[in-house]
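Working notes, beginning with the structure itself.
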2 protein chains.
Amino acid sequence: MSISSRFAVAIHILALLDINKEGRNTSEFIAGSVNTNPVVIRRVIGLLGKAGLVHTSPGVGGASLARQPQDINLLEVYRAVQNDPPGELFAAHDKPNPKCPVGQNIQGTLDTVFRRAESAMENELAKVTLDQIVFDLVRGDR
Amino acid sequence: MSISSRFAVAIHILALLDINKEGRNTSEFIAGSVNTNPVVIRRVIGLLGKAGLVHTSPGVGGASLARQPQDINLLEVYRAVQNDPPGELFAAHDKPNPKCPVGQNIQGTLDTVFRRAESAMENELAKVTLDQIVFDLVRGDR
DNA sequence: TCACCTGTAACCATTGTAGTTACAATTACT
DNA sequence: AGTAATTGTAACTACAATGGTTACAGGTGA
Ligand code: FES
Ligand code: FES
């Protein structure tokens with residue numbers, strides 16, 4: 001399966017918050033932009049809020065970045081919206097047979113390889129900051 | 001969501017085929033080793049067969065490696081058992097609003113980042129060969 | 001013929017996801 | 001105080017992928 005589109009939506013939201021920082025970014029406004037339901041947006045924003053990436057204003061409405069866009073990288077965003085804990089991008093097979101020569105040690109062997117691959121991916125995400133994304137978006141507009 | 005455990009099971013199977021190359025590796029035997037149902041094993045072996053990694057003997061029974069273990073790397077195995085086509089590790093959000101300044105260009109921007117991250121992960125998998133896995137397994141046995 | 005095995009279809013339970021409706025709690029404005 | 005707007009959350013639905021299971025047709029060799 002693919003990694004949840006929450007990640008893509010989260011990046012979308014954060015970029016919008018930066019670009020439209022003058023306006024009041026309600027979940028409904030953002031939903032219109034992302035083309036989905038406001039509740040979906042609020043759910044993602046809730047996760048981003050818990051991770052300390054955005055602030056929200058209950059009652060008054062609207063969300064805003066809690067940090068400068070150059071201080072937010074995509075790995076943080078990924079971690080914020082990803083339900084699976086780190087180190088579980090690859091599913092291990094549950095209960096290998098301990099009586100089998102392969103089963104005895106397969107867990108550790110696979111774990112090393114899987115962790116290495118997962119880290120390589122995450123390092124690429126860590127390299128990219130939100131302001132690079134925004135720059136790229138605005139550049140595309142010209 | 002995590003990447004399907006089919007990948008872990010596939011590596012498990014291939015390692016077993018190499019280690020137990022003298023014996024007749026029926027789906028039932030392998031299933032006992034992996035600790036799952038024979039049909040699950042046959043399904044995975046079917047995918048590995050289509051990818052040209054193993055040979056099977058319908059009727060007579062048993063499977064064997066179609067190549068030397070040093071000539072099989074984990075990226076090939078990953079591709080063989082992964083249903084999602086390459087380039088879709090990360091799900092894009094479906095239909096961004098073309099009237100939104102973000103939506104106009106978000107697809108291309110995200111695509112670049114996502115592809116880069118996915119490739120980084122795959123490159124790590126490509127570095128590891130089946131015989132390295134087997135070596136590690138056997139070493140753990142001592 | 002017979003025993004055994006593969007390949008595959010069919011079905012089921014579980015899980016994660018995204019969308020949707022509904023509503024209490026919060027805040028600003030008048 | 002009263003009203004309108006908005007967040008945060010719960011609850012429900014629909015859907016897709018997954019892994020396990022049973023069943024069985026067809027191949028293969030003894
Ligand atoms: S436990 Fe997985 S093959 Fe032996
Ligand atoms: S925020 Fe996704 S289309 Fe505008």
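Taking a 4.0 Å limit (strictly below) on heavy-atom distances, residues 39-47 of chain A reaches DNA chain C at A:Val39, A:Val40, A:Arg42, A:Arg43. Looking at residues 76-84 of chain A, you'll see that no heavy atom sits under 4.0 Å from any atom of DNA chain D.
For the side chain to side chain contact (heavy atoms under 4.5 Å, CB included) with B:Asn37, the lone residue among B:Val39, B:Val34, B:Ile41, B:Asn35 that qualifies is B:Val39.
Remark: the backbone N or O of B:Phe29 is not paired with any side-chain donor or acceptor of B:Ser33 at under 3.5 angstrom. Of the possible polar contacts, none joining the A:Glu88 side chain to the A:Pro85 backbone as a donor-acceptor pair under 3.5 Å is found.
Read 5' to 3', the first and last nucleotides of DNA chain C with an atom closer than 4.0 Å to a heavy atom of chain A are C:dT17 to C:dA28.
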- A:Ile13 vs A:Val9, side-chain contact (heavy atoms from CB on, under 4.5 Å): CA-CA, chis, key distance, verdict: CA-CA 6 Å; A:Ile13 293 172; A:Val9 171; 3.9 Å; yes
- Walk me through it: do B:Arg115 and B:Glu118 pass the test salt bridge (Lys or Arg N to Asp or Glu O under 4.0 Å)? CA-CA 5 Å; B:Arg115 204 153 37 211; B:Glu118 184 172 347; over 6 Å; no
- Run the numbers on B:Phe90 and B:Val113 for side-chain contact (heavy atoms from CB on, under 4.5 Å), then give the verdict. CA-CA 10 Å; B:Phe90 297 90; B:Val113 176; over 6 Å; no
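Of all non-hydrogen atoms in B:Ala91 and A:Ser4, the two that sit nearest each other are CB-C, 4.4 Å.
The distance from atom CG of A:Asn37 to atom C1' of D:dC12 is 13 Å, rounded to the nearest whole Å. Between A:Glu28 atom CD and D:dG8 atom P there is a gap of 15 Å when expressed in whole angstrom units.
The distance from atom CG of A:Asn73 to atom CG of A:Asp131, rounded to the nearest 0.5 Å, is 11.0 Å. Note that CG of B:Asp111 and CD1 of B:Ile106 are 11.0 Å apart. Values are rounded to the nearest 0.5 Å. Between A:Arg43 atom CZ and A:Thr36 atom OG1 the span is 9.0 Å, to the nearest 0.5 Å. With values rounded to the nearest 0.5 angstrom, A:Ile3 atom CD1 is found 5.5 Å from A:Gln82 atom CD.
Residues passing the ring-ring contact (aromatic ring centres under 6.0 Å, His included) test with B:Tyr78 are B:Phe7, sequence neighbours excluded.
In this model, the phosphate group of D:dG19 is approached by a side-chain N or O of B:Ser5 to a distance below 4.0 Å at OP1 or OP2. Using a 4.0 Å cut-off, no side-chain N or O of B:Arg6 falls inside it from OP1 or OP2 of D:dA17. Residue A:Thr56 has no polar side-chain atom (N or O) positioned under 4.0 Å from OP1 or OP2 of D:dT7.
Screening residues 49-72 of chain B for side chain to side chain donor-acceptor pair (under 3.5 Å), with sequence neighbours left out, gives B:Arg67-B:Glu76.
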- Task: Can you check each nucleotide of nucleotides 25-30 of chain D against protein heavy atoms at under 4.0 Å and return B for base, S for sugar-phosphate only, - for none, in 5' to 3' order?
- Result: --BS--
